[in-house]
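Note that ligands are numbered from 1 as they come in the structure, with each ligand's atoms numbered from 1 the same way. The basis for the numbers below is simple: all heavy atoms, side chains too, and nothing from hydrogens, waters or symmetry mates.
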Amino acid sequence: MKGTFPLQQFHKLRTPFYYYDTALLRQTLDTIRTEASRYENYAVHYAVKANANPKLLTIIRESGLGADCVSGGEIRAAVKAGFPAGKIVFAGVGKADWEIELALDYDIFCFNVESVPELEVIEQLAAAKGKTARVAFRINPDVGAHTHANITTGLAENKFGISMQDMDRVIDRCMGMEHVQFIGLHFHIGSQILDMGDFVALCNRINELQDRLEARHIRIGHINVGGGLGIDYGHPNRQPVPDFKTYFATYASRLRLRPGQTLHFELGRSVVGQCGSLISRVLYVKQGVNKQFAILDAGMTDLIRPALYQAVHKIENLSSEAPTETYDVVGPVCESSDVFGKGVTLNGTKRGDFIALRSAGAYGEIMASSYNCRELPKGYTSDEFI
Ligand SMILES: *Cc1c(COP(=O)(O)O)cnc(C)c1O
C-alpha cells in the first residue's frame with residue numbers, strides 16, 4: 001500500500017522537497033500526550049535535532065512537549081517556536097562558552113553535563129552572571145542498544161557521558177560548587193531502538209545507580225532517560241504512530257522511581273519520523289548491463305541517512321500503477337554512496353514520475369547539505385495545501 005499524497009499540488013513545486021503530513025504529526029502528539037498522562041510524573045521533551053523545521057516545531061510546542069536541545073542554535077530555534085525556557089534541556093559533549101552563556105541567559109531548565117571540565121566551565125560562567133545552573137549528569141550506563149553501530153551511544157567506549165565508575169567523584173565535585181545545583185541523572189543509549197529489552201537494561205542500571213545514591217543519602221528530583229524509540233521504516237503505513245503505550249509502560253514497570261521524582265523523556269525520531277517524506281522526480285531511467293537505474297533529482301545532500309547509516313527508506317513511485325520492475329534508485333551527487341536503494345521494486349518508472357522516500361521526517365531535512373552547490377530542500381506541510 002502506498003501513502004496518499006496531494007499529487008496535483010506537487011506539480012506546481014520544484015523537486016526535491018520534504019512533505020510533512022501534519023494530521024499524522026498531530027495524531028502522534030495526541031497519542032504521546034494520552035499515553036504519557038497515564039503516569040502523573042512523566043515529562044516528554046522533543047529532541048529538536050531530529051527536525052527543526054519551524055512549522056513542525058510550532059505544532060510540537062502547541063502540544064505541550066518540552067524541548068531537548070544539543071546546541072545554542074537549537075535553543076534559539078526552540079525559544080523562537082515558543083517553547084518556554086523552563087521546559088528546555090541542553091545536552092551535548094562539546095558545549096561552547098557562548099552556548100552555555102545563552103542557556104544561562106534564558107535560564108533553561110537543566111544542563112545535561114557530560115564531563116568534569118564542562119561542569120567547571122558552567123560553574124565559572126554561571127558565577128560570572130551571578131546565576132545558578134541546574135545540572136543533571138549524563139551517565140554512560142554501558143548498555144548497548146541493538147541498532148546500527150553509528151547510533152549507539154550508551155557503551156563505555158562511546159564519547160558520550162560520564163562512566164558509572166566516575167559518577168560519585170563527579171557528584172562530590174559538584175557538591176563543592178556554588179553556582180551549579182545537581183538535580184538529576186540523564187541517560188541516552190542510542191536511537192532506532194525497537195527491542196524493549198534495551199530499555200529494560202537501562203532501567204536496571206538506573207535502579208542500581210539510584211540505590212548507590214540513596215546509600216549516600218543523596219536525593220534527586222529528576223531522572224531523564226533520553227530518547228531512542230524506533231519507527232517501522234519497512235512499513236510506514238502499517239504502524240504510522242509508534243507504540244508509545246508499551247514504551248511508557250516499560251519504564252513504569254521496570255524503573256523504580258522514588259516519591260516525587262519526575263521521569264523525563266527526549267523523543268525525536270518517534271515523534272516526527274513517519275510524518276515526513278522526501279518527494280523527488282525521476283530525471284532518467286538508465287539501462288545498465290545487468291540492471292536499470294532510476295536516477296532521481298534528490299540525492300544524499302537531501303537525505304543522507306542511507307549513505308551515512310546504510311538506512312533503508314521505503315521508496316514508492318507515486319505516479320505509476322504499471323507492473324513492477326526492479327531498479328537501483330540513485331541520486332545525482334558525485335559520490336558512489338549516493339544510493340537510496342539497490343534492487344528496489346517500483347511500479348514501472350519513467351522520466352518525470354514522482355518518487356516518495358518515506359519515513360524521512362527525522363534526521364532528513366535537518367541533515368541536508370549544499371555539497372555540489374546544491375540548493376537545500378524546502379519543507380512543506382499538508383496544511384499549506386488545503
Ligand atoms: C539524539 C538524542 C535524542 C533523540 O533520539 P531519538 O532516537 O531521535 O529519539 C535524545 N536525547 C539525546 C541526548 C540525544 O542526543
Trainee: With Glu266 as reference, evaluate Lys49, His186, His45 under the side chain to side chain donor-acceptor pair (under 3.5 Å) test and give the passing residue.
Mentor: His186
Trainee: Which atoms form the tightest heavy-atom contact between Glu114 and Phe160, and what is the distance?
Mentor: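 The pair with the smallest heavy-atom distance is OE1-CA, 3.6 Å.
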Trainee: Out of curiosity, Leu65 CG to Ile60 CD1, how far, rounded to the nearest 0.5 Å?
Mentor: 7.5 Å
Trainee: Please list all pairs meeting side chain to side chain donor-acceptor pair (under 3.5 Å) that have one or both residues in residues 245-257, counting only residues at least two apart or in different chains.
Mentor: Asp211-Arg256, Asp243-Thr246
Trainee: Kindly confirm or rule out a cation-pi arrangement of Lys55 over Tyr20, judged by NZ or CZ under 6.0 Å from the six-membered ring centre and within 45° of its axis?
Mentor: no
Trainee: Any side-chain heavy atom of Leu185 sitting closer than 4.5 Å to one from Phe182?
Mentor: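 In short, these two side chains touch, coming nearer than 4.5 Å.
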Trainee: Using a 4.0 angstrom limit on heavy atoms, which residues are close to ligand 1?
Mentor: Ala47, Lys49, Asp68, Arg138, His186, His188, Ser191, Gly227, Gly228, Glu266, Leu267, Gly268, Arg269, Tyr363
